[in-house]
Undergrad: 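Shown below is the structure under consideration.
Each ligand, and each atom within it, is numbered from 1 in the order the structure gives. Side chains included, hydrogens not; waters and symmetry mates left out as well; all remaining heavy atoms used.
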Amino acid sequence: MTLRNCLLAVAAASLLAGPAYAVQLSIVSGSVGTDIQELRGQLDEYEKQSGNTVKIVEMPASTTDQFGQYRLWLSAGNSDIDVYRTDVIWAPQLAADFVDLSQAMKDEIPKQIPSIIQSQTVNGKLVAFPMYTDAPALYYRKDLLDKYGMKPPKTWAELTETAKTIQDKERAAGNKQMNGFVFQGAPYEGLTCDALEWVASHGGGQIVAPNGDITINNPKAVAALEQAKGWIGTIAPEGVLAYKEEESRGVWQTGNAVFMRNWPYAYPLGEGKDSAVAGKFAVEPLPAGKDGKSAACLGGWNLAVSKYSKHQKEAIDLVKFLTSEKAEKERALGAARLPTIPSLYSDPDIVKRQPIVAKWKDVVAGAVPRPSAPTKKQYNEVSKDFWTAVNETLAGRGSAKENLTKLDHQLRRLKRGGWE
Ligand code: GLC
């Protein structure tokens with residue numbers, strides 16, 4: 001056979017073999033609300049287009065539980081999972097286990113919000129690519145505030161007062177289940193977000209400063225946590241100490257809370273057919289602390305390709321597909337997931353269908369990151385010590401001052417010579 005014929009034969013064989021080259025990929029993802037449904041819809045489209053198939057491995061809703069499981073799989077070099085949906089805070093801790101996406105995504109990178117790409121870059125390696133970003137809102141019952149002639153609160157003190165007034169009046173009128181305020185008080189990463197917002201909005205810093213200094217034990221942070229402690233059993237149910245996002249949304253969506261702190265995904269769900277609050281609520285940025293300003297914790301999710309995947313090329317293609325402008329737009333339209341591509345904030349379809357997205361552009365721009373970059377591989381320990389100190393304070397086990405002093409010692413022991 002001549003070389004030419006040989007090449008032709010190889011080309012023909014690979015054409016004929018088409019589907020035999022199709023691979024089966026696995027993507028692992030946690031979810032709240034309709035995340036998995038949305039993802040499945042997009043994967044169905046990807047399957048049609050690529051000939052590959054993709055299985056979803058579904059995780060519990062808590063990002064803390066997901067992180068624990070992923071760390072086990074990755075440290076065991078598990079090759080069953082090709083793509084991981086990763087939280088914005090994980091990049092420094094999991095960097096060694098993921099493929100560098102900077103070359104493969106080089107044409108897509110300039111379309112993204114630079115600080116988000118930065119947050120996923122560790123020592124020059126692009127560890128994960130953004131799917132959507134996240135920044136919370138204060139949801140409030142417009143109908144109830146109107147009924148009692150009250151305005152959406154600009155400060156936590158105003159929120160405390162408004163929540164108490166409306167809760168008490170509604171209860172007196174027979175609405176016994178009514179609560180003033182629900183949020184995420186369970187001991188997990190979500191509480192780190194909520195409490196960072198309380199602290200930062202009082203001017204009490206970010207737990208650990210961007211330069212690595214431990215700053216959490218300060219009078220403004222103490223004041224912020226004491227204020228939050230005062231909510232338990234007065235405007236917030238005791239049960240809030242075990243609430244994550246979905247538990248708060250459950251109370252809110254059955255019509256039993258005046259205020260809720262939650263991420264934008266709760267907006268379209270609140271407007272859903274089965275929601276008791278459809279048409280009755282609105283959102284504002286979170287309130288400010290005493291002498292401070294509103295602070296929203298920066299959240300968000302990304303996609304990373306496992307170094308142990310046997311199908312890295314196809315996995316990267318899948319990441320491209322799921323992070324394209326089209327995919328981000330669908331996610332914004334369907335679930336109010338905030339885009340990481342700036343132009344989508346003024347996309348007319350999104351503005352019309354999910355007004356919270358357009359309204360949230362500035363909140364995203366000013367959002368406060370958790371200290372995962374400065375504390376590097378120790379972020380999860382730092383966060384765990386912080387959420388534990390906060391949850392204990394809320395539960396009345398020790399004062400804010402005592403718990404933050406203890407936390408300060410724990411963090412200093414963790415840091416020793418420097419964060420690594
Ligand atoms: C949201 C955020 C994520 C955060 C989590 C905490 O999913 O996007 O960044 O860690 O909430 O519960």
Side-chain angles (χ1 to χ4, degrees), residues 28-36 38-39 58-71 84-94 113 115-116 118-120 127-137 139 182-198 200 206-207 240-250 260-269 286 295-304 323 328 331-332 335-340 356-357 360 363-364 367-373 375 379-384 386-388 390-391:
V28 65
S29 177
S31 79
V32 289
T34 54
D35 284 346
I36 292 292
E38 292 275 335
L39 179 62
E58 200 175 330
M59 286 284 115
S62 158
T63 177
T64 300
D65 295 344
Q66 293 164 38
F67 183 71
Q69 179 61 62
Y70 294 177
R71 204 144 61 163
Y84 286 76
R85 192 185 79 149
T86 61
D87 201 330
V88 67
I89 51 183
W90 296 346
Q93 296 159 94
L94 300 181
I113 299 176
S115 61
I116 298 182
Q118 192 52 43
S119 74
Q120 300 308 300
V127 173
F129 203 79
M131 251 182 134
Y132 62 87
T133 185
D134 231 354
Y139 289 75
V182 290
F183 54 91
Q184 293 75 46
Y188 80 120
E189 182 64 29
L191 177 55
T192 290
C193 293
D194 287 45
L196 172 65
E197 289 154 4
W198 308 332
Q206 290 165 255
I207 312 166
V240 81
L241 296 177
Y243 285 6
K244 300 190 283 293
E245 284 81 1
E246 289 291 76
E247 289 81 10
S248 333
R249 185 170 70 84
M260 170 177 73
R261 181 266 182 216
N262 216 328
W263 308 93
Y265 84 96
Y267 198 104
L269 295 167
L286 294 175
C297 173
L298 179 69
W301 292 84
N302 308 272
L303 293 174
T323 58
E328 284 218 358
R331 216 170 279 126
R337 289 307 196 179
L338 301 172
T340 60
I356 186 177
V357 173
W360 241 238
V363 179
V364 168
V368 180
R370 283 160 277 174
S372 81
T375 59
Y379 173 72
N380 195 55
E381 284 301 308
V382 170
S383 183
K384 185 160 137 230
F386 178 62
W387 82 55
T388 305
V390 176
N391 184 266

Undergrad: Distance under 4.0 Å to a non-hydrogen atom of Tyr188: what atoms of ligand 1 satisfy this?
TA: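 Counting from 1, the qualifying ligand atoms are 12 (O).
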Undergrad: Quick test of your reading: applying salt bridge (charged side-chain N to carboxylate O under 4.0 Å, His left out), list the pairs with at least one residue in residues 60-69, sequence neighbours left out, ordered by first then second residue.
TA: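 Found none.
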Undergrad: Distance check, rounded to the nearest 0.5 Å: Ser29 atom OG versus Gln66 atom CD?
TA: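 CD of Gln66 is found 7.0 Å from OG of Ser29.
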Undergrad: For residues Tyr70 and Gln93, is any side-chain donor paired with an opposing acceptor at under 3.5 Å?
TA: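 Looking only at side-chain atoms, Gln93 and Tyr70 do not form any donor-acceptor pair under 3.5 Å.
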Undergrad: Please list the nearest protein heavy atom to atom 8 (O) of ligand 1 with its residue and the distance rounded to 0.1 Å.
TA: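 In this structure, atom 8 (O) of ligand 1 has Asp134 OD2, 2.6 Å as its nearest protein heavy atom.
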Undergrad: Show which atoms of ligand 1 fall inside a sub-4.0 Å distance from at least one heavy-atom site of Gly299.
TA: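 Per the distance check, 2 (C), 8 (O), 9 (O).
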Undergrad: Any nitrogen or oxygen of Thr63, side chain or backbone, less than 3.5 Å from one on ligand 1?
TA: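 No: no nitrogen or oxygen of Thr63 is under 3.5 Å from one in ligand 1.
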Undergrad: Could you tell me the separation between the CD atom of Glu328 and the OH atom of Tyr132, rounded to the nearest 0.5 Å?
TA: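 One gets 11.0 Å once the value is rounded to the nearest 0.5 Å.
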Undergrad: Considering the options Glu245, Lys244, Arg261, Glu247, which one meets the side chain to side chain donor-acceptor pair (under 3.5 Å) requirement together with Gln184?
TA: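 Running side chain to side chain donor-acceptor pair (under 3.5 Å) over Glu245, Lys244, Arg261, Glu247 with Gln184 returns exactly one hit, Arg261.
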Undergrad: Could you tell me the residue and atom name of the protein heavy atom closest to atom 7 (O) of ligand 1, and the distance to it rounded to 0.1 Å?
TA: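 Sorting protein heavy atoms by distance from atom 7 (O) of ligand 1 puts Trp301 NE1, 3.0 Å first.
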Undergrad: When you check the side-chain N and O atoms of Ser248 and Asn262, is any donor under 3.5 Å from an acceptor?
TA: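 Short answer, no.
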Undergrad: Out of Glu245, Glu246, Arg370, Lys244, whose heavy atom is nearest to atom 6 (C) of ligand 1?
TA: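 Result: the heavy atom closest to atom 6 (C) of ligand 1 is in Glu245.
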Undergrad: Hey, does Glu189 come in under 3.5 Å of ligand 1, counting only N/O atoms on both sides?
TA: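 The answer is no, given that Glu189 and ligand 1 share no N or O pair closer than 3.5 Å.
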Undergrad: Within a distance under 4.0 Å of any heavy atom of Gly190, pick out the atoms of ligand 1 and give their elements.
TA: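 Going through ligand 1 atom by atom, the ones under 4.0 Å from Gly190 are 6 (C), 12 (O).
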Undergrad: Run the salt-bridge test on Arg370 and Glu189 with the 4.0 Å N-O cut-off and return the result as yes or no.
TA: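 Yes, Arg370 and Glu189 are salt-bridged.
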Undergrad: Can you tell me the protein heavy atom closest to atom 4 (C) of ligand 1 and the distance?
TA: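 Protein heavy atom at minimum distance: Asp87 OD2, 3.5 Å.
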Undergrad: Please indicate whether any nitrogen or oxygen in Gly300 is less than 3.5 Å from any nitrogen or oxygen in ligand 1.
TA: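 The answer is yes, given that Gly300 and ligand 1 share an N or O pair closer than 3.5 Å.
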